[in-house]
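Below is one structure, written out as structure tokens; the observations come after it.
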Amino acid sequence: THGVIIAGAGQAGCSAAVKLRNLGYERPITLIGDEPHPPYQRPPLSKAYLLGDLPRERLFLRPETYYREYQITLRLNEPVTGISAASRTIGCGTETLPYDHLILATGAAPRRLPGELGGRLPGTYTIRSMADIDAIAPEFEPGRRLVIAGGGYIGLEVAAVAAKLNLEVTLIEAAPRILQRVAAPETAAFFRELHRSNGVRILEDTQLARVTGSGRATGVELAGGEVIAADFVVFGIGVTPETSLAAKAGLAVENGICTDARGRSSDPHIWAAGDCASLPFRGSRIRLESVGNAIDQAEVIAANIAGIPTVYDPKPWFWSDQYDVKLQIAGLNAGYDSTVTRAAPDGGVSVWYYRENTLIAADAMNDPRAYMIAKRLIDAGKSASPDLVGDPGSDLRTLLK
Ligand code: FAD
């Protein structure tokens, strides 16, 4: 018996290994990662870790002793280079390793501008790994000029850290507004105002033509020809799922490795979890980029491998920290047709998303109570009358009865 091999030692890979052992799985488990570090959490990378507020040790998901104690073989600094589905083996370094089950947990790679547009010049950065942050941290000196391409959560979090450290920050968003893909105009307006009041310049509906500079980035040129000088440039323009191993092995891939509701790929001995997986959801497929999804999906796969048939029913949640604002998101707003905004008495704000009058998601800014109630409702498949939610005097707790 060969046991389980997990390709990718990140959030999903680690969660799968831990859950297998917790469920009493006794065969070998090998967790293979191409980064030099044992599995760690990424969310603080663009928040407290970049700010210098969190020591590196706090990022690790488990102490290194854990893997020895639970007989999880951790192989680091070495990519899985190929899969032979027919012989149930993978290639790693010069070795060929056999598996009973293979879990692909390879995550996603940050996008950059192409090299011919300056996207690979020294002084340009992405924000994905500990190594990325360690490389960029020395740039964060007061007074330096930073251009951020992309107004999604990662771009905005980096802007918040940089503004706090007194850098001069310009954030450029190609879409008509920041957070276009992930949040309603009301939530985007809240964060636009928050950043502007902290001195960040936000340019929306603005195309980046290229990064300027020859030996090193000196700024960016916009589609209109305007040049913005910068000491360094950050790309926060989304990620591409790491599907190359799966595709080469002939597995079904559609913006992510296709899985069924149990996390199984088109090969019965290969599973996929986390940012690299495309899963069935509300009649179509989605890829979810969040810690909650990576953990839950990996744990479902572990249960199935351990012989407990389990179906994954995603209960999406997410968060972001910017300045003194904690954003918490419950549900998925895809396909919403209306929103209701609610002001809490203590200054918090929440935006509630509806599709055909049914509650599907909520963004809560410094309003943990609204988040908790919305999450409980959405997870239970219950709605909340827009009139009640929109009435600031109403008591949300009555919704839970
Ligand atoms: P990863 O954690 O990326 O792990 C995949 C690992 O596989 C990586 O180490 C990769 O190098 C490795 N790998 C790839 N190919 C191979 C190979 N061939 N062989 C071996 N190893 C390989 N989510 C939230 O819910 N809330 C947040 O606030 C939040 N903030 C974030 C901030 C940042 C800066 C980033 C980058 C992400 C954030 N996320 C957040 C998203 C969250 O971190 C990811 O969804 C989560 O890490 C996905 O886990 P994963 O295991 O699928 O991928």
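Just follow the structure's listing: the first ligand is 1, and inside any ligand the first atom is 1. Counting begins at 1 with the first residue of the sequence.
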Polar contacts were defined as any N/O atom of the residue lying under 3.5 Å from an N/O atom of the ligand; does this apply to Trp319 and ligand 1? yes
Should Pro79 be counted as touching ligand 1, given the test is an N or O pair under 3.5 Å?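 N/O-N/O distance below 3.5 Å does not exist for this pair.
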Before accepting this row, confirm whether a basic side-chain N of the pair [X]/[Y] lies closer than 4.0 Å to the acidic partner's carboxylate O.
X: Glu221; Y: Arg210; answer: yes
X: Asp337; Y: Arg355; answer: no
X: Glu35; Y: Arg42; answer: yes

On a heavy-atom basis, I'd like to know which of [options] is closest to [atom].
atom: atom 34 (C) of ligand 1; options: Ser46, Ala16, Pro39; result: Ser46
atom: atom 8 (C) of ligand 1; options: Arg42, Arg128, Met130, Glu157; result: Arg42
atom: atom 25 (O) of ligand 1; options: Val158, Leu76, Val291; result: Val291
atom: atom 46 (C) of ligand 1; options: Val80, Asn293, Asp275; result: Asp275
atom: atom 4 (O) of ligand 1; options: Gly274, Gly10, Gly292; result: Gly10

Between [X] and ligand 1, find which residue part has any heavy-atom pair under 4.0 Å and reply side chain, backbone, both or neither.
X: Tyr153; answer: neither
X: Ile154; answer: side chain
X: Pro43; answer: both
X: Lys47; answer: side chain

Which atoms of ligand 1 have any heavy atom of Leu245 under 4.0 Å away?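 Listed by number with element, the hits are 18 (N).
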Write down the atom of Pro316, the atom of Leu332, and the distance for their closest heavy-atom approach. CG-CG, 3.8 Å
Between Tyr153 and Ser320, is there a donor-acceptor pair closer than 3.5 Å when you use the side chain of the first and the backbone of the second?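 It does not hold such a pair.
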Which residues share a ring-ring contact (aromatic ring centres under 6.0 Å, His included) with Phe140, sequence neighbours left out: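 Phe140 satisfies ring-ring contact (aromatic ring centres under 6.0 Å, His included) with Phe232 once adjacent residues are dropped.
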Let me check something: any side-chain donor-acceptor pairs from residues 57-65 under 3.5 Å, sequence neighbours excluded? List them with distances.
none

If you measure from each heavy atom of Ser320 to ligand 1, is any distance below 4.0 Å? no
Assess whether atom CD of Gln71 is packed by more than 12 heavy atoms of other residues, nucleotides or ligands within 6.0 Å.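 Open.
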